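Encoded as structure tokens, the structure appears first; notes follow it.
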Amino acid sequence: MRIPAPTPKGGPVKAQLTIPNWTRIYTGKVHDMYQPAHTLAHSGGETAMLVASDRIAVLDRVLPSIIPGKGEILTRISTWWFRQLEDVVANHYLSDNVPHEVTGRAMIVQRLRMYPIECTVVGYMTDKAFEEYSRDGRIGGVDQPAGLALGEKLPAVLFVPALKGEVGRDDETISFERMGEIVGTEAAERLREISLALYERAQKIAGQKGLVIAECKLEFGASSDYGDDEFVLADQAFTPDSATYWLDDEVGGSHPRSFGKDYVRYVVQDEAREWIRGAGSPPILPKKVVDEMASRYRFVQSVLMGE
């Protein structure tokens, strides 16, 4: 069961919106999902509205700070990527005809039966990958050659599935075999194939703009009509929240700058880990970190979309 996100103490997290004729049915780390209260709100019983907030989460926990304008940027980037990738796989985006309360940071989407798997694709040695590699020479449970360095391209692109945790709980990396037991072998193989194809296409597009996607996280669903098992890309697509962006000319260095929420994780991870263990208070982001993070989100949008 999905549970509402806790409201952290000590920070300026905004209250949940009340949107006339729409009912909030789910609160995630960053996104909120609404359904039409009746047919006058939106025609079609299989639609929902996905609203991107300005919340920021690290280590699978929502921080008591916001990044102003983040929700609008995530929505614009997701919409842009959905259009770039729609020939690879169908996606849940339907329109941006949303109530004025959430104009610019919401989209009308197809309601789906979501696969409980977060499909991660790793192409470069990110900090997270390097932590695992340093422990046992593996990434996502897959053996890697010795001598790989932080920031370099991996010998082969990896598909790393995880069980998506509830809000406030860690995602759990699992084996591909375990994924097959959960969703079925055929579905697991198809989800891996689609994830790798999406990453390859997105990497090519980003590369033409001087960016590298070091890794990404993707989510999929199927039609709410049982028996219709078409795979549909859902949630967000290659935003700085769900993908690690580097500059192409910094790849190979010891620590490429991250133009995504990894930047915030670098700043607060020690304090956040203490908080998660119950030994401290939730980290409050300094204004300079908030401003820098907002700047990095805007940078990715500008480079990708030419704005």
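Predicted model, so just to flag it, every value in this text is computed and none were measured.
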Student check: side-chain heavy atoms of Val290 and Pro68 closer than 4.5 Å: yes
Basic-acidic side-chain contact under 4.0 Å: Glu292, Arg296: yes
Lys/Arg-Asp/Glu bridge criterion (N-O < 4.0 Å) met for Lys70, Asp241: yes
Residues Arg277, Glu274: salt bridge by 4.0 Å N-O rule: yes
Parallel, tilted or perpendicular, as decided by the 30° and 60° cut-offs, for the rings of Tyr93 and Phe82: parallel
Option passing side-chain contact (heavy atoms from CB on, under 4.5 Å) with Pro283 (candidates Val268, Val58, Asp270, Val289): Val268
Heavy-atom side-chain contact between Ser195 and Leu198 under 4.5 Å: no
Beyond-backbone contact of Val51 with Val98, side-chain heavy atoms, under 4.5 angstrom: no
Heavy-atom side-chain proximity of Leu94 to Glu46 below 4.5 angstrom: no
SB check Asp262 Arg265 (cutoff 4.0 Å): yes
Side-chain ion pair, Glu189 and Arg192, N-O less than 4.0 Å: no
Stepwise side chain to side chain contact (heavy atoms under 4.5 Å, CB included) test for Phe238 and Tyr245: CA-CA 9 Å; Phe238 295 97; Tyr245 282 93; 3.7 Å; yes
Pairwise side-chain contact, Pro240 with Phe259, heavy-atom cut-off 4.5 Å (strictly under): no
Student check: side-chain heavy atoms of Leu74 and Ser242 closer than 4.5 Å: no
Pair Glu132 + Arg135, salt bridge at N-O below 4.0 Å: no
Crowding at NZ, Lys209 (>12 non-hydrogen neighbours, <6.0 Å): yes
Closest non-hydrogen atom pair, Gly140 against Val160: CA-CG1, 3.7 Å
His255 and Tyr266 aromatic ring geometry - parallel, tilted or perpendicular at 30°/60° bounds: tilted
Side chains of Leu233 and Val88 in contact at under 4.5 Å (non-hydrogen atoms): no
